[in-house]
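Below, chains carry the letters A, B, ... as their sequence lines are ordered, and counting in each starts from 1.
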There are 2 protein chains.
Amino acid sequence: MAIKTGNLGYGLPGRLPVELADALLVRPGLRIERIVSTGQVTPDGEWNYQSDDEFVILIRGAARLRIDGEHEDRDLAEGDWILLPAHCRHRVTWTQAEPPTVWLAIHVSPG
Amino acid sequence: MAIKTGNLGYGLPGRLPVELADALLVRPGLRIERIVSTGQVTPDGEWNYQSDDEFVILIRGAARLRIDGEHEDRDLAEGDWILLPAHCRHRVTWTQAEPPTVWLAIHVSPG
């Protein structure tokens, strides 16, 4: 039986021009991906949002996140998780560049 | 908007008589849970298996896993993930007790 394995810290780059996203498992209504950030943030004036719920875990490194309607950034440290509901507008305002910041994002179709 | 958050290292116990499992997100066909092991293993002569696929990540600590039909345990270190297909018989043969071992298990209905 072929068993798929990997490590979330595998092949971490030094510095990347853009975020790196690797899909680890894709199923109907579900996508699990590793995201590596080396300082990238959401561009000024833009928001991220998606039609899926997104369960995000900060695996390594550190980041700050702003949720639309909140008055302060949220600090994310190793082990922190947050469930971003579908259509929740949010911005990544800071990510630790060195060592790189590693996220696990689990995208789940709502309902 | 109520945003659910947490930390995978929250409230780690000293030593537990049994594994601790907390469901973080439950949806039709999906269950994400944190599991904390403080030395627990699968009892001698028993196997674990389930009707769901199980995507398991070793978040903190260390463990060893035996897959039925393989001749050696697999060592799991921090960041290692493994996709255990439904009905794949496996045994946890060792878990680091101190500091506790933390797993993230994502149970996905196959197909």
Test side chain to side chain contact (heavy atoms under 4.5 Å, CB included) applied to B/Arg74 and A/Thr5, step by step: CA-CA 11 Å; B/Arg74 291 171 181 250; A/Thr5 64; 3.4 Å; yes

Contacting region of A/Arg60 [heavy-atom separation from chain B under 4.5 Å]: side chain

Contacting moiety of A/Leu76, where chain B heavy atoms sit under 4.5 Å: neither

Presence of salt bridge, B/Asp53 and A/Arg27, under 4.0 angstrom: yes

B/Phe55 and A/Lys4, any side-chain heavy atoms less than 4.5 Å apart: no

Student check: side-chain heavy atoms of A/Leu83 and B/Leu24 closer than 4.5 Å: no

Within residues 90-106 of chain A, residues adjacent to chain B where the heavy-atom gap is under 4.5 Å: A/Leu104, A/Ile106

Chi angles and distances behind the side chain to side chain contact (heavy atoms under 4.5 Å, CB included) call for B/Arg64, B/Val41: CA-CA 9 Å; B/Arg64 281 198 293 272; B/Val41 300; over 6 Å; no

Common cluster, B/Ile82/A/Leu25, ILVMFWY with side-chain heavy-atom separation under 4.5 Å: no

Residues 44-52 of chain B side chain polar contacts: donor-acceptor under 3.5 Å, at least two apart:
| unit_1 | atom_1 | unit_2 | atom_2 | d |
| --- | --- | --- | --- | --- |
| B/Asn48 | ND2 | B/Thr42 | OG1 | 3.2 |
| B/Gln50 | NE2 | B/Asp52 | O | 3.2 |

Which of A/Ile59, A/Leu84, A/Ile32, A/Val56 touches chain B most, by non-hydrogen pairs under 4.5 Å: A/Ile32

